[in-house]
Amino acid sequence: AAIEHALLNRHLLTQQRFHALATSYLEQLLAKGAFERAAAECPRLLGEEVSLWERWIYSFASRGKLSVLAPFIPLQTPRLNRSTYEMVLMHFLDKDKKSFLEIIKKWGGQQLKFGNGAGWEGGRAGGKGELYDLQEVSKRVGAMVGLATDEILLQAQAYLFGLQGKYTAALGVYWELFRVVQAGGREGNGEEERKSLFAPVFGLIEEHNLFEAAAERVLTLVQMDRGEAGDLLVRHVDRLPVESVAVSYTHLTLPTKRIV
């Protein structure tokens, strides 16, 4: 194929000529409906060209196929303009909340690495600021939660609060998420899914010293994951004294380890 020949002899082609061949090839794939193949080809054809990446991101979005390209969108090499990452997030927030949640989690490491007040550089291609405006995205999610309670949006809200260092607020969202799940009567979803859903709660409590809030919700913790709740009580009996949670304690079978 012409594109393979061009890739092998790229050093003989001008940048403009190679980009023209790459564009023609990708357009042919899209015209055939080969969206997955086109998306997979983008990294080697677009390389570190920010303008090309942004062009094709918008092109896939206009065709309703951004979800196919999303796994290949670069976060660091190259680093795109912040407005592009924000467009991707807003697209999924409006059209596919599950993908939105998956993406903010996937991008979380880069957001933390370069965020936390890194400044306006994040708005430029190649900058080292945050990928997207974390506070604005969080506000948008919060506004949507206020209009209609949604389990996926609550998970996203809790995660975004965590990225901002608002750990108490994140824990509060998990309490609300638990209430929503219980009210929805999701018995058929299984114990393992429930444990997975609320697994971050125990890390939040332990890593960010949220024992005071946890002491008031031990029964909820037990219902989230009996084993994790029991282990938490054993490890931190000084912070979560059994006497202060006596009512909840009757619902809990602690591990066979003496509390001294």
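Heads up: numbering here begins at 1 and tracks the sequence. Note: hydrogens, waters and symmetry copies are ignored here, and every other heavy atom, side chains too, is used.
- Of the inter-residue distances, the one linking Gln111 atom CD with Asp133 atom CG reads 8.5 Å to the nearest 0.5 angstrom.
- The aromatic rings of Tyr85 and Trp107 sit perpendicular to each other, their planes meeting at more than 60°, with 30° as the lower class boundary.
- Judged purely by distance below 3.5 Å, without hydrogens or angles, the side chains of Glu192 and Ser196 never pair a donor atom with an acceptor atom.
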Run the numbers on Ser24 and Gln28 for side chain to side chain donor-acceptor pair (under 3.5 Å), then give the verdict. CA-CA 6 Å; Ser24 176; Gln28 288 176 30; 3.3 Å; yes

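- With values rounded to the nearest 0.5 angstrom, Glu86 atom CD is found 7.5 Å from Leu89 atom CG.
- A salt bridge is absent between Arg140 and Glu136; no separation between the charged side-chain nitrogens and carboxylate oxygens falls under 4.0 Å.
- More than 12 heavy atoms of other residues, nucleotides or ligands lie within 6.0 Å of NZ in Lys106, so this atom counts as buried by the packing criterion.
- Between Arg239 and Glu212 no salt bridge is recorded (no basic side-chain N to carboxylate O distance below 4.0 Å).
- Contact annotation: the side chain of Leu154 never approaches that of Asp150 to less than 4.5 Å [non-hydrogen atoms, C-beta and beyond].
- Interatomic distance, CD of Glu36 versus CG of Leu29, reported as 11.0 Å (0.5 Å rounding).
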With side chain to side chain contact (heavy atoms under 4.5 Å, CB included) as the test, would you mind laying out the steps for Glu228 and Leu232 before giving the verdict? CA-CA 6 Å; Glu228 286 291 335; Leu232 189 70; over 6 Å; no

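- Donor-acceptor pairing under 3.5 Å is recorded for the side chains of Gln164 and Ser138.
- At a threshold of 4.0 Å, the pair Glu130-Arg82 counts as salt-bridged, since one of the basic side-chain nitrogens sits closer than that to a carboxylate oxygen.
- Atom CD1 in Ile103 sits 8.0 Å away from atom CG in Asp96 (nearest 0.5 Å).
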Side chain to side chain donor-acceptor pair (under 3.5 Å) between Arg55 and Ser59, intermediate numbers included: CA-CA 6 Å; Arg55 171 191 170 176; Ser59 181; over 6 Å; no

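- Note that CZ of Arg179 is 12.0 Å distant from OG1 of Thr220, once rounded to the nearest 0.5 Å.
- A donor-acceptor pair is defined here as one N or O able to donate and one able to accept, closer than 3.5 Å; no such pair exists between the side chain of Trp53 and the backbone of Arg79.
- Atom CD of Gln135 sits in a sparse spot, with 12 or fewer heavy atoms from other residues, nucleotides or ligands closer than 6.0 Å.
- With Phe100 as reference, Val137 is the one residue of Ile152, Val137, Val88 to meet the side chain to side chain contact (heavy atoms under 4.5 Å, CB included) rule.
- Aromatic ring centroids of Phe198 and Phe178 lie under 6.0 Å apart.
- Salt-bridge annotation for Lys105 and Glu102: absent, with no side-chain N of the basic residue lying under 4.0 Å from a carboxylate O of the acidic one.
- In this structure, Lys98 places its NZ atom where only 12 or fewer heavy-atom neighbours from other residues, nucleotides or ligands lie under 6.0 Å away.
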